[in-house]
Amino acid sequence: MNRDEIKQYLPHREPMLLVDEMNLDENHVCHSKYHVTGEEFFLQGHFPGEPVVPGVILCEIMAQSCALLMKDDLIGKLTFYTGIDKVRFKNSVKPGDTAEVEATLTYHRANIYICSAVLSVGGKMCVKGELSFALLPDTRNKQ
Amino acid sequence: MATIQDKARAFIATKLNVSEREVTPEKHLFNDLGADSLDVVELLMILESEFNVKFSEDDTANVKTVGDLYAMIEKYIQKTK
């Protein structure tokens, strides 16, 4: 699935759409990629002369990949974080890197989804954690 | 020997960060014990794992109080016997 196809499911848009490509394998594991161009707004001041993708953005990259695990449930919904647990940052992510995420759904009940995710660059783990979300109705076009 | 309710009470107290003494059957999970929807989902996940059962969405939707939770757990454990 490419960026345009991803937009059919994820409600996020530029500059906060942080998944360039994804596929779901036969075990329902989401594999996604985000290419860090160096032009992103979040690199402008983080840090001058030493651009590093902020940890919260790495969590967001993982979160959007997790959300794609339930892509069919996303239609007409917005995704909201309900929790971030056991997050560990192991290595930094810099311009030119391709962040690769592997995300799995751990538990789902009602509109709450609990997932685990690992973000790596070139096979080296950068972040791992457990993320949870609520899907709530998207009322933006219903006024 | 700890009963099902004793075990469940300990899990509820730990998850909701309240004392076991506060976890009485008439207590409402949201209004009295301060739970939110994520707390309840995480609590159900723990209880399913600990008691080796899988609650249906219909049954969990009706759980409002600690007593409702005890009754549901006991019903599912009975089913597995």
Side-chain angles (χ1 to χ4, degrees), chain A residues 10-12 27-30 55-56 58-88 102-118 127-139, chain B residues 4-5 7-18 23 25 27-80:
Chain A
L10 280 185
H12 309 69
N27 297 316
H28 205 68
V29 176
C30 173
V56 290
L58 297 176
C59 288
E60 180 63 24
I61 293 171
M62 293 198 300
Q64 292 183 18
S65 302
C66 289
L68 286 166
L69 282 167
M70 43 284 205
K71 61 184 178 62
D72 294 326
D73 296 340
L74 292 175
I75 306 296
K77 303 281 174 50
L78 292 177
T79 54
F80 290 90
Y81 265 133
T82 48
I84 302 178
D85 292 309
K86 299 176 187 168
V87 172
R88 293 292 179 270
E102 195 172 287
T104 53
L105 179 63
T106 308
Y107 193 78
H108 164 225
R109 184 169 289 282
N111 68 332
I112 304 266
Y113 297 78
I114 300 172
C115 303
S116 63
V118 175
V127 194
K128 63 177 179 177
E130 295 178 1
L131 313 171
S132 57
F133 317 88
L135 297 191
L136 299 178
D138 182 354
T139 58
Chain B
I4 291 167
Q5 290 193 12
K7 287 186 192 171
R9 184 183 308 113
F11 292 126
I12 295 166
T14 302
K15 181 66 215 166
L16 301 184
N17 200 25
V18 296
V23 183
K27 290 283 176 67
H28 194 286
L29 294 168
F30 293 91
N31 300 339
D32 297 323
L33 297 180
D36 62 23
S37 54
L38 179 63
D39 290 327
V40 171
V41 168
E42 289 179 335
L43 178 58
L44 292 168
M45 183 170 70
I46 291 165
L47 294 171
E48 285 184 339
S49 171
E50 295 296 333
F51 292 108
N52 198 26
V53 293
K54 179 74 182 164
F55 306 126
S56 74
E57 293 283 355
D58 285 346
D59 284 337
T60 56
N62 293 323
V63 170
K64 308 290 182 218
T65 66
V66 171
D68 294 338
L69 204 45
Y70 288 162
M72 182 177 71
I73 296 166
E74 284 167 350
K75 177 178 131 183
Y76 275 77
I77 289 176
Q78 282 300 322
K79 270 191 200 172
T80 62

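Below, chains carry the letters A, B, ... as their sequence lines are ordered, and counting in each starts from 1.
Contacts between residues 77-87 of chain A and chain B, defined by a heavy-atom separation under 4.5 Å, are made by A:Thr82, A:Gly83, A:Asp85. Within residues 56-73 of chain B, the residues having any heavy atom less than 4.5 Å from a heavy atom of chain A are, in residue-number order, B:Ser56, B:Glu57, B:Thr60.
Between A:Arg109 and B:Phe55, the shortest heavy-atom contact is NH2-O, 2.9 Å.
Crowding of B:Asn31 atom CG: a count of heavy atoms from other residues, nucleotides or ligands under 6.0 Å exceeding 12. Summarising the local packing, NZ of A:Lys128 is surrounded by 12 or fewer heavy atoms from other residues, nucleotides or ligands at distances under 6.0 Å.
Distance check, rounded to the nearest 0.5 Å: CD1 of A:Ile112 to CD of B:Glu42 gives 8.5 Å.
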